[in-house]
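Following: one structure in structure tokens, then a few remarks.
The basis for the numbers below is simple: all heavy atoms, side chains too, and nothing from hydrogens, waters or symmetry mates. Just so we're on the same page: letters track the sequence lines, and every chain starts at 1. Predicted model, so just to flag it, every value in this text is computed and none were measured.
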Amino acid sequence: MEKFEQDRLEKLEKLRAMGIDPYGKRYNGQKSLVSIVEDYHDEEGKRVRAAGRISSLRPHGKASFLDIKDWTGKVQLYIKQDKVGESKFEAFGLLDLGDIIGVEGILFKTRTGEITIQVEDFTILSKALLPPPEKWHGLRDVELRHRQRYLDLISNPETMKTSLDRVKIIRGVRRFLDERGYVEVETPMMQPIPGGAVARPFITHHNTLDIDLYLRIAPELYLKRLLVGGMERVYEINRNFRNEGISTRHNPEFTMLEAYQAYADYNDMMELTEGMLSSLTMELHGSYQIPYGEKSVDMTPPWRRKTFVELLKEYAGVDFYDLNGLIEKAEGLGLSTHGDGKTTPDRDRIANDLFEELVEPQLLAPTFVLDYPASLCPLTKLCEGRPELAQRFELYIASMELANSYTELNAPLEQRDRFMEQAGTEMTAGKVDEDFLLAMKYGMPPAGGLGIGIDRLIMILTNCTSIREVILFPLLRPGARVTEVDTTSS
RNA sequence: GCGCCCUUAGCUCAGCCGGUAGAGCAACUGACUCUUAAUCAGUGGGUCGGAGGUUCGAAUCCUCCAGGGCGCACCA
């Protein structure tokens, strides 16, 4: 490592001795490399400016071919001593793979037909002191790819593509909602009471107020306050933080869309979800058939809609209303039949465990699962005439839970009771958010609410089977493999 | 948190049953003005993730530790 750096430092000093600043300034007027290639027909023989990182170098004595790369693509350069002059060519000799340069020259095609810039002048914009990863295989080591994502982006085009696809998808989500009259809002990331979901929160502390705060596990209760305030269609795309395990589908901080529409219910949210995700699929893939891992997923709408109870019967072969049957099945699978600290069997919990165990893995094609056991959804309006079920749906794609939606409970007194019931069963449930209940007492319109796990959506649409592939900087334990700079000396 | 697997040159990887640590790319020196994984000739580069142990001898076998991957658990 030191040796590479030493050689390059010497070149850097030589450049300085020639009066060249190896860390150049603003460079403008250049075309993106992909547009240089695309517009070749109109630009042939003309002068163009370009900038990028040297990704390949093929010297031939007093001439040289090299490739430069920007985030759109790659272009070949051809530089000859008799075109740029001796001293310029000498400076060129001090360039290495990974250096960033700006060039100006004439567009032409080589004998083999490759679009190439005949360099007339170039500027060194940044001298790299360390070499880029291997040019043919790129950076393969998963740990290094995540720890040094910049190297991953430089050397693996698919990483750049996934990262830019992520931007497109999120932009598409925003556009879809904006076009339907939604407004994007920002609600607190630091909350005195972490509500809207059940999960262990991260705790932090505010010094001046001398209070503990929690990084939010969901924005839900704040967005509903806005419904009370008369904002009829709101959404937020932002980070949630959950102090839970890390897996291929879980990162401690992850991006969530939550949307609320006054005067609507979960049926409207189903339409919204299906419309949004199917059009995003078509936009990105030009087809509803998309690859995912070893499989192929058919995203053609309309999507299957089945109730929780129906699916439990279909895939697990048990009747939700037959408690003994549920218990038998659960015990057969070695599942616990009692909730935390409870002495009696908890039907809703058993049914949910069976669902996760036996139904979820089968839900490859997009499936809306409707009407969940009521005790699992304290913020949800109950089904009419069937108070044991609540008006909630979850959307599964490729066996992954992608969206969650309720017909929002807007009755403040019932909400209080449902919170209390939950507090009795969930050991992690914190205090009740009284301020939220107070808001609700002023009247919250009936509403449909929707949450979509954005990282998981991006996984599906970019064919990534690990959430770490769609998050630029996933959480890793601070590692020893990247040398830390000693700031105490020098 | 638990189980299985991985960690060898800057990068990508070999290294069999324990016997002097290898290749390609990258680097360095030289040749080369239409190459494109440029080519040709030559050179340098290693605390084999870390610490112990077994052994005449360990990259290789054992133990512990660290980081990572996958699965499970926890969990929108």
*asked:* As a test of the definition: with a 90° window around 0 for syn, would you call B:C72 syn or anti?
replied: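 Classified anti.
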
Report which part of the nucleic acid [X] touches: base, sugar-phosphate, or nothing (heavy-atom distance under 4.0 Å, all strands).
X	result
A:Phe108	base
A:Asn404	base
A:Gln81	nothing
A:Arg216	nothing
A:Arg468	sugar-phosphate
A:Leu151	nothing
A:Gly138	sugar-phosphate
A:Tyr78	base
A:Gly245	base
A:Ser64	nothing
A:Pro132	nothing
A:Lys80	base

Under 4.0 Å: is that the gap between some side-chain N or O of [X] and OP1 or OP2 of [N]?
X	N	value
A:Arg200	B:C74	no
A:Arg477	B:G68	yes
A:Arg111	B:C34	no
A:Thr248	B:C70	no
A:Arg140	B:C25	no
A:Lys3	B:G10	no
A:Lys109	B:U35	no
A:Ser247	B:C74	no

Measure [atom1]/[X] against [atom2]/[N] and give the value in whole Å, please.
X	N	atom1	atom2	value
A:Gln148	B:G10	CD	C1'	11 Å
A:Asp67	B:A37	CG	P	10 Å
A:Lys62	B:U35	NZ	P	18 Å
A:Arg147	B:A66	CZ	C1'	11 Å
A:Trp136	B:C25	CH2	P	13 Å
A:Glu356	B:C72	CD	P	12 Å
A:Asp152	B:G68	CG	C1'	15 Å
A:Leu77	B:A38	CG	P	14 Å

Choosing from [options], which nucleotide comes nearest the side chain of [X]?
X	options	result
A:Glu244	B:C25, B:C74, B:G69	B:C74
A:Ala63	B:C75, B:A26, B:U33	B:U33
A:Lys11	B:A37, B:A27, B:C75	B:A27
A:Glu134	B:C11, B:G69, B:A37	B:C11
A:Leu139	B:C11, B:U33, B:U35	B:C11
A:Phe4	B:C72, B:A26, B:C75	B:A26
A:Glu143	B:G67, B:C75, B:U35	B:G67

Sort out the partner of [N] for me: Watson-Crick or G-U wobble, both distances under 3.5 Å, none otherwise.
N	value
B:A31	B:U39
B:U63	B:A51
B:G18	none
B:C4	B:G69
B:U12	B:A23

*When you compare B:A9 with B:C5, how far apart are their C1' atoms, in angstrom units rounded to a whole number?*
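Per the computed distance, 24 Å lies between those C1' atoms.
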
*asked:* Is it the case that over 12 heavy atoms from other parts of the model lie below 6.0 angstrom from the CZ atom of A:Arg174?
replied: yes

*Answer yes or no: does atom NZ of A:Lys83 have more than 12 heavy-atom neighbours from other residues, nucleotides or ligands under 6.0 Å?*
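It does not: A:Lys83 NZ has 12 such atoms or fewer within range.
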
_Test side chain to side chain contact (heavy atoms under 4.5 Å, CB included) applied to A:Leu354 and A:Leu326, step by step_ = CA-CA 8 Å; A:Leu354 286 171; A:Leu326 291 177; 3.8 Å; yes

Ignoring hydrogens and angles, does a donor from either the side chain of [X] or the base of [N] sit under 3.5 Å from an acceptor on the other?
X	N	answer
A:Gln76	B:U35	yes
A:Asp141	B:U7	no
A:His137	B:C11	no

*Give me the one residue out of A:Asn410, A:Leu409, A:Val432 that meets side chain to side chain contact (heavy atoms under 4.5 Å, CB included) with A:Gln415.*
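Answer to the side chain to side chain contact (heavy atoms under 4.5 Å, CB included) test with A:Gln415 among A:Asn410, A:Leu409, A:Val432: A:Leu409.
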
_Judged by each residue's nearest nucleotide on RNA chain B, which is more toward the 5′ side, A:Arg8 or A:Leu57?_
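That would be A:Arg8.
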
_Upstream residue (5' side of RNA chain B) when A:Thr465 and A:Arg392 are each assigned their closest nucleotide_ =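 Looking at the nearest nucleotide for each, A:Thr465 comes out on the 5' side.
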
So, do [X] and [Y] sit near enough that their side-chain heavy atoms are less than 4.5 Å apart?
X	Y	value
A:Lys161	A:Arg166	no
A:Gln76	A:Arg58	yes
A:Val34	A:Asp70	no

*Can you tell me if A:Ser35 and A:Ser32 form a side-chain donor-acceptor pair at under 3.5 Å?*
yes

_Test item: side-chain donor near acceptor, A:Tyr260 and A:Glu258, under 3.5 Å_ =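 Their side chains do contain a donor-acceptor pair, which is all the 3.5 Å distance test asks for.
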
_Over 60° means perpendicular and under 30° means parallel, so tell me whether A:Tyr78 and A:Phe65 are parallel, tilted or perpendicular._
parallel

